[in-house]
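One structure is given here, and the rest of the page talks about it.
Predicted model, so just to flag it, every value in this text is computed and none were measured. Indexing begins at 1, ligand by ligand and atom by atom, following the structure's order.
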Amino acid sequence: MRTSFTELMGIEYPVIQGAMAWISDAVLAAAVSEAGGMGMIATAGRDAQWTRKEIVKARERTQKPFGVNLVLQEQDWREKLQVVLEEKPACVSTGAGNPVPLIAPLHEAGIKVLPLVPNVRLAKRVESAGADALIIEGMEAGGHIGSISTMSLMTQVLPEIQIPGIIAGGIADGRGLACALLMGAGGVQMGTRFYASKECGAHIRAKEAILAATDTDSVTTGRKGSLVRSLRNPLTELYHKMEAEGRAAEELSQLVRGTSRKASVEGDVEWGLVQAGQSVGVIREILPVAKILNDMMEQAKEAYELLSGYFSE
Ligand SMILES: Cc1cc2nc3c(=O)[nH]c(=O)nc-3n(C[C@H](O)[C@H](O)[C@H](O)COP(=O)(O)O)c2cc1C
């Protein structure tokens, strides 16, 4: 498939495997890239040494382009940026913080820059600063989220930008991909769907929690500005109970701090947050990433044919 994003990155399918802290390592990222998408290594919670090791490992597993995600609120993001500048993955996606100062040094190293934007104002600002593509993530996404839905964001951001827009948040199959492309996007980014993939190294109990979840099971914790979306469990129930009791913000954030690792690495899906998006209900099987991508292309084609049928005589 050819889109503005596949052309930009020289890849086969317009699908990014969204960075997932504690989850998307070299193995998952390389598998996605090898299958024709764009794999992303998540560095949140990890150090610079781990970042270098994973980039080297991914390169041993695939010659195709893959990327690295930097979360710009972390204390040591500059050290990780230095590693990235030296190791030169194909692209860097950024989450939180201001990506503008990173654009020039990353470009000098030949690395494409894909900042995550949660609104029109930031999208325009980051595009004019030289970003290569934008990840437009709505609040249906798993993990840390903004406050605008994916449909509203793509409706409003895409007409305002010239560079490829990558839609994220609640995209879990080829119908979502077709929808984003019809809206004028260059591709999509999925996290939750790849969480429940064969090559993902997350704990089996976390993957099984994703398979068991239905449309109403994805809930948010946190305050405006730092909302996190994950699956309802005893921890989110306790959080909401304490919130209703009017407990202090610090006590509430202490309750959930660091608990994503607890679920995804240790497998404690009751007292750890299984971060997952709102379209989790269509994810029913742990599949190899190549099958996820192939199925998506088939479904997108079917969706396109369905729509074009409406216009024929
Ligand atoms: C478990 C999990 C961890 C995530 N960690 C990060 C991260 O470290 N950095 C980032 O930019 N986005 C992160 N995200 C967001 C994803 O990259 C992606 O944009 C999101 O999952 C898309 O929505 P979906 O889950 O509905 O597919 C995370 C998402 C999940 C589900």
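For the salt bridge (charged side-chain N to carboxylate O under 4.0 Å, His left out) condition, the pairs that include at least one residue of residues 30-58, sequence neighbours left out, are Arg52-Glu86, Arg52-Glu87.
For Ile135, no heavy-atom contact with ligand 1 is shorter than 4.0 Å. With a 4.0 Å cut-off on non-hydrogen atoms, Asn69 touches ligand 1 through its side chain and not its backbone.
Here the heavy atom of the protein found nearest to atom 25 (O) of ligand 1 is Thr192 OG1, 2.5 Å. When hydrogens are left out, the protein atom nearest atom 15 (C) of ligand 1 is Glu137 OE2, 3.5 Å; that is the closest non-hydrogen contact. In terms of protein heavy atoms, atom 30 (C) of ligand 1 is closest to Met20 CG, 3.6 Å. Summary of contacts: the protein heavy atom closest to atom 31 (C) of ligand 1 is Gln275 O, 3.4 Å. Among protein heavy atoms, atom 26 (O) of ligand 1 sits closest to Gly170 N, 2.8 Å.
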task = Might you work through the side chain to side chain contact (heavy atoms under 4.5 Å, CB included) test for Leu114 and Phe5, ending with a clear yes or no?
result = CA-CA 11 Å; Leu114 284 49; Phe5 185 65; 4.1 Å; yes

task = Apply the test side chain to side chain contact (heavy atoms under 4.5 Å, CB included) to residues Tyr304 and Leu307: give CA-CA distance (whole Å), side-chain angles for both, the deciding distance (0.1 Å), then the verdict.
result = CA-CA 5 Å; Tyr304 169 74; Leu307 182 67; 5.7 Å; no

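In this structure, Gln189 has a heavy atom closer than 4.0 Å to ligand 1.
Of all atoms in ligand 1, numbered sequentially from 1 with element shown, those under 4.0 Å from a heavy atom of Met190 are 27 (O). For ligand 1, the atoms sitting less than 4.0 Å from at least one non-hydrogen atom of Ile23 are 1 (C), numbered in the order shown with element in parentheses. Heavy-atom contacts of Ala44 reach the following atoms of ligand 1: 8 (O) (cutoff under 4.0 Å). Those atoms of ligand 1 that come under 4.0 Å of a heavy atom in Gly169, given as number and element, are 22 (C), 23 (O), 26 (O).
Considering Ala21, Ala276, Ser260, Ala202 only, the shortest heavy-atom separation from atom 5 (N) of ligand 1 involves Ala21. Among Gly143, Gly138, Ala19, the residue whose heavy atom lies closest to atom 13 (C) of ligand 1 is Ala19. In this comparison of Gly142, Pro115, Gly191, the heavy atom closest to atom 29 (C) of ligand 1 sits on Gly142.
Ala202 approaches Lys207 most closely through the heavy-atom pair O-CE, 3.6 Å. Taking both residues in full, the closest heavy atoms of Pro14 and Thr3 are given as CB-OG1, 3.7 Å, listed atom of the first, atom of the second, then distance.
A salt bridge is absent between Arg247 and Glu243; no separation between the charged side-chain nitrogens and carboxylate oxygens falls under 4.0 Å.
With contacts defined as side-chain heavy-atom distances shorter than 4.5 Å, the pair Met242/Leu252 qualifies.
Clustering ILVMFWY residues whenever any of their side-chain heavy atoms sit less than 4.5 angstrom apart, transitively, puts Val56 in a cluster other than the one holding Leu85.
Residues passing the salt bridge (charged side-chain N to carboxylate O under 4.0 Å, His left out) test with Lys291, sequence neighbours excluded: Asp295.
Of the options Val280, Leu235, Ile210, Thr259, a side-chain contact (heavy atoms from CB on, under 4.5 Å) to Val274 is made by Ile210 and by none of the others.
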